[in-house]
Amino acid sequence: MKNLRNLLLFSTLAAAACNSGNRQTSAEDSTAIKAIDSAALAQDISVLASDEFQGRKPFTIGEDKTLEYLTKRFKEIGLQPGNDTSFLQEVPMVEIRSVPEGDLRIAGKTGELKLTYLDQYVAGTKRVQDRVAIDKSEMVFAGFGIVAPEYNWNDYANLDVKGKTVVVMVNDPGFYDSTLFKGKTRTMTYYGRWTYKFEEAARQGAAGILIIHDVLPASYGWPVVRSGWSKPKLDLQTADNNMSRAAIEGWLTQESAKKLFQLAGVPDSVMDQAKHPGFKAVPLGVTASLALKNKTRKSVSHNVAALLPGSERKNEYIIYSAHWDHLGIGEAVRGDSIYNGALDNASGVAGLLQLATAFSKLKEAPKRSILFLALTGEEQGLLGSEYYAAHPIFPVKSTVADINMDVLNFFGRTKDITIIGKGQSDLDDYAAKAAEKQGRYLVPEANPSGGWFFRSDHFNFAKVGIPALYPGSGTKSLAHDSLWAPDHAAAYGRDHYHSPFDQMDPSWELSGMVEDVRFLFDVGVTLSNEDKFPQWKEGSEFKSKR
Ligand SMILES: [Zn+2]
């Protein structure tokens, strides 16, 4: 009995020694590092992702509970309010719930096409108005809907789309041709993002814009579009109530687009032609009609900000960010309507709390200040970070870096760690050193054509010039075979991501999450004790902003 107990004790210690990873850090640091552990991460995730928090949608009781919990936790940890005397930063938003008055009707010379909401198309609006409509709006196929002088590409060349409805393809030409855009590295540019396409259509004066969905270039299936658009949408409040946006913004299924081209008498090979330079937009000779009734509600959501003041350079800031919000209560799937968002992004917020704990336990306080930001409205279009970047609590110029967490590792330790947008900034070099201390190495994202660097909050910090680090889980499992990590990542994307089944799961191996958060801690500790400002690398689209 005693021997067995000793044996168990020994193996536990041996495992702990293997897990500690950071062999070269000082003793002080290792005390702090050990504060980051799997039980604490699991505890915070299980609270934030519980049904009681109702999927943490802004403006709901889920927001109240989340703010209360995070404020309590940051106080327990001993941090100061990040926004003067408050842990909260108000983010004025507007919620728009759009319901179509009928089908999307597309009329041509030979007949009419009636498309059913959610099954065949989705539509919404950013205009804060009781009703928006397009009525017999001429339709034009405008390729990718991109104006990119630096790539010598203009889908709107010599085209007047005022009052018209443009139909465009998702992603950018580099997805199909390695000589175009960033095709060589299969990296999606911002021009490939649907958010850009809506912005550009508005600049061109279009009344409506519909994006043709396609699984591969979009990197997600129609159910993701459908569930995202079937719920009320949030936006930041703006002075013009978003009247500069197109009245109708939406998506068509691939099937609907083919029916549209058929009605227009245009071969659907036009979508292939649009992938080549020199393509000219094609008027479709058909019109679109659709009206949306909107219920709008202005309200205030909140970012949560907690500060650990620096000991020497307290007017310089390192931000750790993670969005606290998720999708709330939505369309039921197999009887479950609560979108818990356990990995997306209760895990990132748990990481944030663990980082705060670790920093507060450092024997020597960091020289620079650390701001822990739990952001709102990420799922609604990166709104909390957009608001912070436009209304920073601390000056952008004095902000050294943003380190962002969104969906952490749940499948155990890995030999590598992914850097999304690898090659963008000097932060890669800090990350490489921190990874090396753990006996690991950096890899670029496996699917750069998904545009992942534009899909979480660090993007809004990058847009104002703050170097941003956005790591993803590793790809090579330490304890399992080579398919383990990619299979788990794929299964998450297929069966859990943005569905009611992103739930806390006892089968998760949290050792990988622990190691990844410790890795981010190391990066932050190094940055916090330096006086250098990391820069964007040559060729980064954000370099000119710093
Ligand atoms: Zn997320």
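Both counts, for ligands and for their atoms, begin at 1 and track the order of listing.
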Excluding waters, which are neither shown nor counted, protein N/O/S atoms under 2.8 Å from the Zn ion (ligand 1) come to 4
Pair Glu76 + Arg73, salt bridge at N-O below 4.0 Å: yes
Using a distance-only test with no angle check, is there a side-chain donor-acceptor pair under 3.5 angstrom linking His323 and Asp406? yes
Quick one: which residue pairs count as a ring pair (Phe, Tyr, Trp, His ring centres under 6.0 Å) with a foot in residues 374-395, not counting sequence neighbours? Tyr317-Phe394, Tyr387-His391, Tyr388-Phe461
Which residue pairs pass the ring pair (Phe, Tyr, Trp, His ring centres under 6.0 Å) test when at least one of the two sits in residues 61-81, sequence neighbours left out? none
Does Arg455 count as lying over the ring of Trp452, i.e. NZ or CZ under 6.0 Å from the six-ring centre, within 45 degrees of the axis? yes
I'd like to check the ring-ring contact (aromatic ring centres under 6.0 Å, His included) partners of Tyr117; sequence neighbours left out, ordered by chain and number. Tyr121
